[in-house]
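Scroll down for the structure; my scribbles are underneath it.
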Amino acid sequence: GENLEKTSIYYPDLSIGFLWYFIIPRIASYHLGFNLSHLNFPRESFIGENNLLNPRATIHGGTKININYKTSFNPKFVIFYQNRSSEFNAGGNLEYILVKDARNNLKLFTGAWYRFSNSAIVIGGMEYNGVRVSVSYDLNVRSAKKNIGGKSALEFSVSYILGFLKPALQQYCPKFE
């Protein structure tokens, strides 16, 4: 058995960011954002060590291109930079609306991403009335194989999209995954 010194932690963590969002109704939407996290260099520790969290910069963006009234293509990217480490992910999803009426909204989606110099990711799932369920497989490639024995990861995700936006605008809300 493990003997943990603490079973919970608390520390203030300051971040700031912005999101630019532009819509061309029924055709496309675009977003670009920037975030700075850990501005106050918080110290966190779960097992008694004193770890300093260095600031992290994140840049993300993408577009949703409506192919027709039921199908859209959503290419996106995200870049992380913290200390001397960086990560660049790019990919996209294809989304198909099965049902959309006053009471129900059912979508299916599938996509692929690439985490440069590390892994390829495939994703698929569905969204029903704001509840999004997805399954993704992270296949390690290149240099990561020697570091972790070539292991890959299967991930399951469930998220709820808050419904405080007007229904006409909710279809353009960007999803960051």
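Nothing fancy with the numbering, it's 1 onward along the sequence.
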State whether the side chain of [X] and the backbone N or O of [Y] hold a donor-acceptor pair below 3.5 Å, judged by distance alone.
{"X": "T110", "Y": "I123", "result": "yes"}
{"X": "N104", "Y": "V99", "result": "no"}
{"X": "N74", "Y": "G92", "result": "no"}
{"X": "T63", "Y": "S29", "result": "yes"}
{"X": "N35", "Y": "T58", "result": "no"}

[X], [Y]: one ILVMFWY side-chain cluster at the under-4.5 Å cut-off?
{"X": "I79", "Y": "F18", "result": "yes"}
{"X": "L39", "Y": "F80", "result": "no"}
{"X": "I59", "Y": "I16", "result": "yes"}
{"X": "L139", "Y": "V122", "result": "yes"}
{"X": "Y69", "Y": "L94", "result": "no"}

Sequence-distant partners of E155, salt bridge (charged side-chain N to carboxylate O under 4.0 Å, His left out), two or more places apart: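 Checked E155 against salt bridge (charged side-chain N to carboxylate O under 4.0 Å, His left out); zero matches.
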[atom2] on [Y] to [atom1] on [X], rounded to 0.5 Å:
{"X": "R26", "Y": "N68", "atom1": "CZ", "atom2": "CG", "answer": "14.5 Å"}
{"X": "I65", "Y": "I67", "atom1": "CD1", "atom2": "CD1", "answer": "8.0 Å"}
{"X": "D101", "Y": "L106", "atom1": "CG", "atom2": "CG", "answer": "10.5 Å"}
{"X": "E127", "Y": "N105", "atom1": "CD", "atom2": "CG", "answer": "6.5 Å"}

With a 6.0 Å cut-off (strictly less than), is the heavy-atom count around CG of L154, excluding the residue itself, greater than 12? yes
Which heavy-atom pair separates [X] from [Y] by the least distance, and what is that distance?
{"X": "P12", "Y": "P42", "value": "O-CB, 3.4 Å"}
{"X": "Y30", "Y": "A28", "value": "OH-CB, 3.8 Å"}
{"X": "G91", "Y": "W113", "value": "N-CE3, 3.5 Å"}
{"X": "S15", "Y": "S37", "value": "OG-CA, 3.4 Å"}

Quick check: do [X] and [Y] have side-chain heavy atoms less than 4.5 Å from each other?
{"X": "W20", "Y": "F34", "result": "no"}
{"X": "N118", "Y": "N140", "result": "yes"}
{"X": "L32", "Y": "F77", "result": "yes"}
{"X": "P25", "Y": "I23", "result": "yes"}
{"X": "I27", "Y": "N66", "result": "no"}
{"X": "H60", "Y": "H31", "result": "yes"}

How would you list, by chain and number, every residue that makes a side chain to side chain contact (heavy atoms under 4.5 Å, CB included) with Y96, sequence neighbours excluded?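 Residues passing side chain to side chain contact (heavy atoms under 4.5 Å, CB included) with Y96: K70, T71, L98.
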Whether the D13 and H38 side chains hold a donor-acceptor pair (N or O, under 3.5 Å, no angle test) is what I'd like checked.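 H38 and D13 do have a side-chain donor-acceptor pair below 3.5 Å.
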For the residue pair Y114 and F116, does the interplanar ring angle fall in the parallel (under 30°), tilted (30 to 60°) or perpendicular (over 60°) class? perpendicular
Enumerate the residue pairs fulfilling ring-ring contact (aromatic ring centres under 6.0 Å, His included) with a member in residues 117-139, sequence neighbours excluded, ordered by first and then second residue.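 Checked against ring-ring contact (aromatic ring centres under 6.0 Å, His included) - neighbours excluded - no pair reaches residues 117-139.
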